[in-house]
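A note on names: the letters A, B, ... follow the listed sequences, proteins ahead of strands, and every chain is numbered from 1.
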Number of protein chains: 2
Amino acid sequence: MHVRNTKSKSLILETLKNSKQAVSHEKIQAELGESVDRATIYRVLNRFCEEGIAHRITGDDGKQYFAACLKCQGKEHRHNHLHFRCLNCGKVECLPNEIELKLPAGYRPANFNGFISGHCPACA
Amino acid sequence: MHVRNTKSKSLILETLKNSKQAVSHEKIQAELGESVDRATIYRVLNRFCEEGIAHRITGDDGKQYFAACLKCQGKEHRHNHLHFRCLNCGKVECLPNEIELKLPAGYRPANFNGFISGHCPACA
DNA sequence: ATATTATTGCGATTATATCGCATTAATAAA
DNA sequence: TTTATTAATGCGATATAATCGCAATAATAT
Ligand SMILES: [Mn+2]
Ligand SMILES: [Mn+2]
Ligand SMILES: [Zn+2]
Ligand SMILES: [Zn+2]
């Protein structure tokens, strides 16, 4: 299955990389306007996640947010960090601190998804 | 605004209390059958959260789960614990360990929502 | 017993995300 | 360069979770 480089892909990847925050589909659509179809954006984002170019986080608002993998090198993907969502301005950011996952015996973790919602410095 | 005790309310509260896991709307509806309306279940759960009888957690699957507040006494509600969702059997449980929320200066936290998904001991 | 109104049931609606399928276009092959 | 292959796209339909409007019901105060 040969991957192809398309206009949509590069536009979306650029948007992800340019943003210092995690972005929702809505945000990307707004950024790109009608130049890229809604379904295409979803599909490209899903592919990015599969390919390990981006990671997906499910917000405590139930929506999906995406962020480019910056520190992940090779096939090592670990995203054990929290995210902050501002209840006022809506922005979502990756927090620096890594979270140590402590699980009772027998549990096999596959993914971590953590959110703190509240008010960011600009909105507090 | 006087709160009233209704059949739906007690049925749903009982379901919450009897369950050792966090439950979704779907689960409650299945438990209660058609005796309680879908919208009513949602509304009762929302009221429980407002009243501090239950707490809501948004799963990394984007769905809402609810658990009765057991250790919360009075108006002190702190739910800084992680949840585990099994990718195979779908169950969601509250994990014992409390998470310490470290935020950069200026951030005002309001709510914590954390999930680890993977495989539970029974499914691993 | 009666009045008040919180709560319910039901259908319609919103919101987020995915799917099916014909068409387009990126890349490989000739 | 031209042609063939098929990954990726556009568009409308569909799926799923949750909320809303409003008339009817029923819990509680009087
Ligand atoms: Mn990564
Ligand atoms: Mn509580
Ligand atoms: Zn803000
Ligand atoms: Zn399981």
Trainee: From NZ of A/Lys7 over to P of D/dT9, roughly how many Å is that when rounded to an integer?
Mentor: 12 Å
Trainee: With respect to the side chain of B/Thr40, which nucleotide from C/dT8, D/dA8, D/dT28 is positioned closest?
Mentor: C/dT8
Trainee: Could you state the atom-to-atom distance from CG of B/Asn5 to C1' of C/dT5 in whole Å?
Mentor: 15 Å
Trainee: Decide if atom CZ of B/Arg108 counts as having more than 12 heavy atoms of other residues, nucleotides or ligands within a radius under 6.0 Å.
Mentor: no
Trainee: By nearest heavy atom, map A/Lys9 and B/Tyr65 onto DNA chain D; which one lands nearer the 5' end?
Mentor: A/Lys9
Trainee: Using modelled atom types only, decide if a donor and an acceptor are shared between the side chain of A/Glu14 and the backbone of A/Asn18 within a distance under 3.5 Å.
Mentor: no
Trainee: Look at the side chain of B/Arg43 and the base of D/dT19, then say whether one donor and one acceptor between them are separated by less than 3.5 Å.
Mentor: no
Trainee: Round to the nearest Å and state the distance from A/Glu51 atom CD to D/dA7 atom C1'.
Mentor: 12 Å
Trainee: Would you classify A/Ser35 as touching base, sugar-phosphate or nothing, given that sugar-phosphate means primed atoms plus P, OP1 and OP2, and contacts are heavy atoms under 4.0 Å?
Mentor: sugar-phosphate
Trainee: Could you pull out the closest heavy-atom pair between B/Gly106 and A/Ala124, with the gap in Å?
Mentor: O-CB, 4.0 Å
Trainee: Indicate whether the side chain of A/Tyr65 and that of A/Glu93 have a donor and an acceptor atom separated by less than 3.5 Å.
Mentor: no
Trainee: Rounded to whole Å, how long is the line connecting atom NE2 of A/His2 with atom C1' of C/dA26?
Mentor: 12 Å
Trainee: Starting the side chain at C-beta, find the nucleotide from C/dG9, D/dA18, C/dA25 nearest to B/Arg38.
Mentor: D/dA18
Trainee: If you check the B/Arg4 side chain, which of C/dT8, C/dT18, C/dT4 turns out closest?
Mentor: C/dT4
Trainee: When you get a sec, tell me which of C/dT8, D/dG10, C/dA17 is the closest nucleotide to the side chain of A/Lys63?
Mentor: C/dA17
Trainee: Which is true for B/Gln64 with a 4.0 Å heavy-atom rule: it touches a base, it touches only sugar-phosphate, or it touches nothing?
Mentor: sugar-phosphate
Trainee: In whole angstrom, give the distance that lies between atom CG of A/Asp37 and atom P of C/dG20.
Mentor: 16 Å
Trainee: If the plane angle is over 60° it's perpendicular, under 30° parallel, otherwise tilted; pick one for B/His55 and B/His79.
Mentor: parallel
Trainee: Could you work out which one of D/dA17, C/dA17, C/dT7 sits closest to the side chain of B/Thr6?
Mentor: C/dT7
Trainee: C/dT8, D/dA18, D/dG12: which one has an atom nearest the side-chain heavy atoms of B/Tyr42?
Mentor: D/dA18
Trainee: Measure from the side chain of A/Ala39, starting at C-beta and using heavy atoms only, and say which of C/dA28, C/dA26, D/dC11 lies closest.
Mentor: D/dC11
Trainee: Given atom CG of A/Leu45 and atom P of D/dA8, what is their separation to the nearest angstrom?
Mentor: 14 Å
Trainee: Look at the side chain of A/Val36 and decide which nucleotide, out of D/dA17, D/dG10, C/dT18, has an atom nearest to it.
Mentor: D/dG10
Trainee: Over how many whole Å does the gap from A/Gln29 atom CD to C/dA15 atom P extend?
Mentor: 15 Å
Trainee: Rounded to whole angstrom units, what separation is found between the CD atom of A/Glu34 and the P atom of D/dT9?
Mentor: 16 Å
Trainee: Nearest to the side chain of A/Val3, which nucleotide is it out of C/dT5, D/dT19, D/dA8?
Mentor: D/dA8
Trainee: Test your reading of the model: is there a side-chain donor-acceptor pair from B/Asn113 to the backbone of B/Thr58, 3.5 Å cut-off?
Mentor: yes
Trainee: Counting the atoms with a prime plus P, OP1 and OP2 as sugar-phosphate, which does A/Arg47 contact under 4.0 Å by heavy atoms, base, sugar-phosphate, or nothing?
Mentor: sugar-phosphate
